[in-house]
Amino acid sequence: MRLWKIPDQVIRLAVLIVIALAVLIVVRLRFIPDSFGEIGHYRTDALKEQAALTLHYAGMQACIECHDDIGEMKAASYHRNLSCEGCHGPAFKHVDDPGEFSPAVAAGRIMCVRCHGYLASRPTGFPQIIEAIHNPVEPCTACHDPHDPTPPEVPEDCSACHAEIARTKAVSHHWSLSCETCHEASPEHRQSPRSFLPKKPTERAFCGQCHGNGSSSRESAPQIDLNEHGGRYLCWQCHYPHHPEGR
Ligand code: HEC
Ligand code: HEC
Ligand code: HEC
Ligand code: HEC
Ligand code: HEC
Ligand code: HEC
Ligand code: HEC
Ligand code: HEC
């Protein structure tokens, strides 16, 4: 009887280690690409292969070399951060030989709507339109220069932008009140709507000017008891101010 014998599990472990080493050696010798590890933990030949791929995009800097007028115009516009090829498609061949190959010129409405069509998930304040109702049929470029898209004319009327509210009010009991009766809007609101928001009424007393019992203003405005009517709620929690209904 031997006093001491190598336990079975150690033998199995040793066999596994030997197999693992053998696999490792085979893999190192047979399967690792030649240029691996020459200048870092990757295949050096990959650099040459990538560099040899055909170029499709030239980048905006290349375009501006020849189209400097468009480059300057775009740099001062809302589209300053867009790349030329984002709209015109890959144009490396054109840079190579402008006479031979012309980039696409997307003239319809679809290309613009890709970025400006209404989507609830776009960031707030991003200029969005509903394609079906924003000046339909005409191409966007009839009114917006794609390289400087701010529309040439700023509309005077509130209804140019708030058409739905204006149309609603026009057939309501408040048809005779101008928007400015209830909203103090600075002229800048038309230029840059979201940076200069008009004021909205904030308290019941505002409507009370005309509707409060004994208010002297318009005799045609139906009167209510400002203290009793509607309790503590704001008037516009029950009456839509652009189309109020009382009966
Ligand atoms: C080497 C000078 C040069 C470079 C660089 C260049 N273009 Fe042009 N591009 C021209 C010339 C010249 C024309 C006019 C060719 C013609 O009318 O056939 C032109 C025309 C165009 C047109 C109008 C095509 C048409 O069908 O009316 C577009 C769009 C355009 N280039 C976009 C680009 C973009 C985008 C880039 C950058 C990727 C670029 N260009 C870089 C010289 C250049
Ligand atoms: C927002 C998309 C958009 C971007 C960004 C854009 N373009 Fe255009 N580009 C257009 C559209 C659309 C037209 C066609 C205009 C038309 O039909 O009146 C056009 C027309 C052109 C034309 C031919 C007509 C002309 O105005 O001379 C050239 C050249 C041109 N683009 C070059 C460029 C270059 C260079 C850049 C980058 C500095 C650029 N574009 C960036 C959309 C774009
Ligand atoms: C790749 C996306 C992209 C495409 C395509 C694109 N735009 Fe824009 N557009 C933008 C961005 C970004 C802004 C700047 C938004 C900002 O400043 O918050 C902008 C701003 C605008 C504005 C607002 C200018 C203002 O006065 O407030 C108009 C109008 C506009 N684009 C029209 C167009 C038209 C027309 C086309 C098609 C020829 C077009 N855009 C294509 C991304 C795009
Ligand atoms: C008939 C002229 C006309 C056409 C065509 C037109 N627009 Fe406009 N667009 C305007 C005017 C004017 C404004 C400024 C007033 C407004 O917001 O309605 C404007 C505003 C915009 C704004 C800014 C909206 C905001 O909330 O700041 C965007 C974005 C826009 N247009 C994109 C487009 C796109 C995209 C197309 C094509 C699908 C297009 N427009 C076609 C005249 C036009
Ligand atoms: C060029 C287009 C344009 C014109 C013209 C315009 N607005 Fe606006 N208005 C906007 C936009 C865009 C908003 C922001 C809407 C949003 O954030 O959802 C806005 C918001 C408002 C708001 C809401 C403010 C808030 O705190 O929610 C009021 C009230 C308003 N406008 C009143 C007016 C009045 C009154 C006029 C006429 C004197 C007018 N607007 C003219 C584009 C316009
Ligand atoms: C009788 C007063 C009154 C008149 C007239 C009026 N508004 Fe309002 N408007 C309000 C009140 C009050 C609110 C606030 C409603 C709320 O907070 O729910 C409001 C809210 C708004 C808003 C914010 C969005 C919304 O629908 O709640 C816009 C935009 C607006 N008004 C535009 C206009 C325009 C454009 C006109 C003219 C066509 C106009 N308003 C006329 C009282 C008025
Ligand atoms: C809790 C909801 C509620 C609130 C808040 C409310 N109203 Fe009314 N209002 C009504 C109802 C319901 C009617 C129609 C039944 C009636 O005459 O009591 C009405 C009717 C009216 C009438 C028509 C009265 C007539 O004789 O034709 C006016 C004017 C009026 N409200 C103005 C206001 C004003 C101004 C405020 C804010 C100070 C206000 N309401 C707040 C619910 C409300
Ligand atoms: C500048 C005065 C004025 C202001 C401010 C005003 N209204 Fe009026 N309102 C009127 C007039 C005038 C009429 C009645 C028009 C008619 O007889 O057709 C009226 C009618 C009404 C009616 C009755 C509709 C019906 O069915 O008889 C209600 C409700 C109403 N307004 C609610 C409001 C609310 C809510 C506010 C505050 C956001 C408000 N009004 C602010 C002048 C005003």
Side-chain angles (χ1 to χ4, degrees), residues 57-89 91 94-95 98 102-117 119 122-129 131 134-135 138-155 161 172-174 177 182 188 190-195 201-213 215 217-241 243-247:
Y57 290 89
M60 183 152 78
Q61 218 44 51
C63 314
I64 293 172
E65 298 272 312
C66 295
H67 300 286
D68 54 334
D69 47 341
I70 293 178
E72 256 168 51
M73 184 189 218
K74 193 174 82 64
S77 82
Y78 277 97
H79 277 169
R80 67 184 90 83
N81 292 329
L82 306 192
S83 87
C84 312
E85 288 161 300
C87 294
H88 287 292
H94 169 72
V95 171
S102 282
V105 178
R109 293 170 68 89
I110 294 165
M111 185 267 287
C112 313
V113 170
R114 217 172 57 205
C115 294
H116 291 292
L119 264 188
R122 293 210 205 279
T124 20
F126 186 82
Q128 300 183 48
I129 54 150
E131 200 263 332
H134 182 80
N135 307 298
E138 283 184 87
C140 313
T141 48
C143 304
H144 301 280
D145 186 324
H147 309 128
D148 183 4
T150 306
E153 279 169 40
V154 176
C161 305
S172 81
H173 288 286
H174 276 166
L177 312 184
C182 304
E188 288 90 350
R190 293 185 180 85
Q191 309 271 357
S192 189
R194 290 186 183 82
S195 315
T202 52
E203 46 188 31
R204 290 161 56 87
F206 180 85
C207 310
Q209 293 169 64
C210 296
H211 292 293
N213 242 342
S215 78
S217 61
R218 308 251 185 133
E219 60 274 18
S220 64
Q223 314 264 291
I224 43 111
D225 181 348
L226 198 57
N227 293 323
E228 293 288 321
H229 181 87
R232 63 198 162 81
Y233 298 102
L234 291 166
C235 313
W236 45 91
Q237 285 177 295
C238 297
H239 301 284
Y240 184 48
H243 197 303
E245 283 166 313
R247 273 172 273 231

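All values below come from the heavy atoms of this structure, side chains included, with hydrogens, waters and symmetry mates left out. Counting starts at 1 for both ligands and their atoms, in listed order.
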Original post:
Looking only at protein heavy atoms, which one is nearest to atom 38 (C) of ligand 3, and how far off is it?
Top reply: C112 SG, 2.7 Å
Subject >> Under 4.0 Å to a heavy atom of C235 - the qualifying atoms of ligand 7, by number >> reply: 34 (C), 35 (C), 36 (C), 37 (C), 38 (C), 39 (C), 41 (C)
Original post:
Of all the non-hydrogen atoms in the protein, which one sits nearest to atom 15 (C) of ligand 3, and at what distance?
Top reply: P127 CD, 3.7 Å
**OP:** Find the distance between NE2 (H116) and SG (C140) and round it off to the nearest 0.5 Å.
**Re:** 8.5 Å
Original post:
Evaluating non-hydrogen atoms only, which member of H211, Q237, E228 is closest to atom 29 (C) of ligand 7?
Top reply: H211
**OP:** Name the closest protein heavy atom to atom 12 (C) of ligand 3, giving the residue it belongs to and the distance to 0.1 Å.
**Re:** F126 CE1, 3.6 Å
**OP:** Ignoring hydrogens, just give me the one of C66, G108, C87, C84 whose non-hydrogen atom is nearest atom 1 (C) of ligand 2.
**Re:** C87
**OP:** Could you see which bit of L82 sits under 4.0 Å from ligand 3, with heavy atoms only: side chain, backbone, both or neither?
**Re:** side chain
Subject >> Enumerated ligand 7 atoms positioned under 4.0 Å from heavy atoms of C207 >> reply: 35 (C)
Original post:
Relative to the heavy atoms of P146, which atoms of ligand 3 are at a distance of less than 4.0 Å?
Top reply: 38 (C)
Original post:
Does ligand 7 have an atom under 4.0 Å from some heavy atom of H229?
Top reply: yes
Subject >> Structural part of L234 in contact with ligand 7, heavy atom criterion under 4.0 angstrom >> reply: backbone
**OP:** Round to 10° and report the angle made at atom 8 (Fe) of ligand 2 by NE2 of H147 and NE2 of H88.
**Re:** 180°
Original post:
Should the proximity of P149 to ligand 3, defined as any heavy atom under 4.0 Å, be assigned to the side chain, the backbone, both, or neither?
Top reply: both
Subject >> Side chain, backbone, both or neither: the part of M111 lying under 4.0 Å from ligand 3 by heavy atom >> reply: both
Original post:
Can you list the atoms of ligand 7 that are under 4.0 Å from a heavy atom of L226?
Top reply: 38 (C)
Original post:
Within the structure, does H239 bring an N/O atom to less than 3.5 angstrom of an N/O atom in ligand 7?
Top reply: yes
**OP:** May I ask you to check whether C115 brings an N, O or S atom to under 2.8 Å from atom 8 (Fe) of ligand 3?
**Re:** no
**OP:** Select the closest option to atom 16 (C) of ligand 2 among D68, T141, N81, D69, judged by heavy-atom distance.
**Re:** T141
Original post:
Nearest protein heavy atom to atom 14 (C) of ligand 2, by residue and atom, and its distance?
Top reply: V105 CG1, 3.1 Å
Original post:
Would H116 count as a contact for atom 8 (Fe) of ligand 3, in the sense that one of its N, O or S atoms lies under 2.8 Å from it?
Top reply: yes
